[in-house]
Amino acid sequence: MLSIKKFDEWVKKSNPGDKITYYRGYIMAPHLQKLSPTMDERRVKSLKNYVYKAYDSNIITLVQRRHGDLDYEYIAVRI
């Protein structure tokens with residue numbers, strides 16, 4: 001999982017079309033994911049909300065790639 005600080009650094013340095021994976025697993029229930037399950041749902045929710053605010057501000061667009069059951073790659077693409 002990417003930290004909010006690293007996400008901010010990427011946004012500041014990125015160019016339109018640049019991509020970053022900010023989370024891999026199942027963001028809606030991280031304790032159920034197959035790769036590195038975590039009980040720290042508060043940290044995951046904070047990152048999810050922070051990235052979504054950047055989406056709402058038209059800084060990024062969001063993409064998902066499914067790798068398997070409860071295994072998704074969450075990607076931010078700079079606009």
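Values reported hereafter were calculated over all heavy atoms of this structure, with side chains retained and with hydrogens, waters and symmetry mates removed.
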- prompt: So how far is it from Ile59 CD1 to Lys12 NZ, rounded to the nearest 0.5 Å?
  reply: 11.0 Å
field: Listed partners of Asp56 passing salt bridge (Lys or Arg N to Asp or Glu O under 4.0 Å), at least two apart
entry: none
pair Leu2-Thr21: side-chain heavy atoms closer than 4.5 Å: no
- request: Output all residues satisfying ring-ring contact (aromatic ring centres under 6.0 Å, His included) with Tyr50, sequence neighbours left out; order by chain, then residue number.
  value: none
query: Closest approach of Ile60 and Arg78, non-hydrogen atoms and distance?
result: CG2-CA, 4.3 Å
message: If the condition is side chain to side chain donor-acceptor pair (under 3.5 Å), which residues does Asp69 pass it with, not counting sequence neighbours?
response: Arg66
- prompt: Residues sharing Ile79's hydrophobic cluster, by side-chain heavy-atom contacts under 4.5 Å among ILVMFWY, directly or via others?
  reply: none
- prompt: Side chains of Val51 and Tyr55: does their closest heavy-atom pair fall under 4.5 Å?
  reply: no
- prompt: Taking only residues two or more places apart in sequence, or in another chain, which ones meet Asp71 in a side chain to side chain donor-acceptor pair (under 3.5 Å)?
  reply: Arg24
query: What's the shortest heavy-atom distance between Leu70 and Leu32, and which atoms?
result: CD1-O, 3.2 Å
field: Nearest-0.5 Å distance that lies between atom CD1 in Ile20 and atom NZ in Lys13
entry: 10.5 Å
Test item: Asn49 side-chain N/O and Ser46 main-chain N/O as donor-acceptor pair under 3.5 Å: no
message: Restricting to side-chain contact (heavy atoms from CB on, under 4.5 Å), what partner residues turn up for Ile27, sequence neighbours left out?
response: Tyr22, Tyr23, Val44, Lys48, Tyr74
- prompt: Of all residues at least two apart in sequence or in a different chain, which pass the side chain to side chain donor-acceptor pair (under 3.5 Å) check with Arg43?
  reply: none
- prompt: Would Glu73 and Gln64 count as a side-chain contact (heavy atoms from CB on, under 4.5 Å) if you check the C-alpha gap in whole Å, the side-chain angles of each, and the deciding distance to 0.1 Å?
  reply: CA-CA 6 Å; Glu73 185 176 0; Gln64 290 181 15; over 6 Å; no
query: With sequence neighbours excluded, what pairs up with Glu9 under the side chain to side chain donor-acceptor pair (under 3.5 Å) test?
result: none
- prompt: Quick one: side-chain contact (heavy atoms from CB on, under 4.5 Å) partners of Val63, sequence neighbours excluded?
  reply: Ile75, Val77
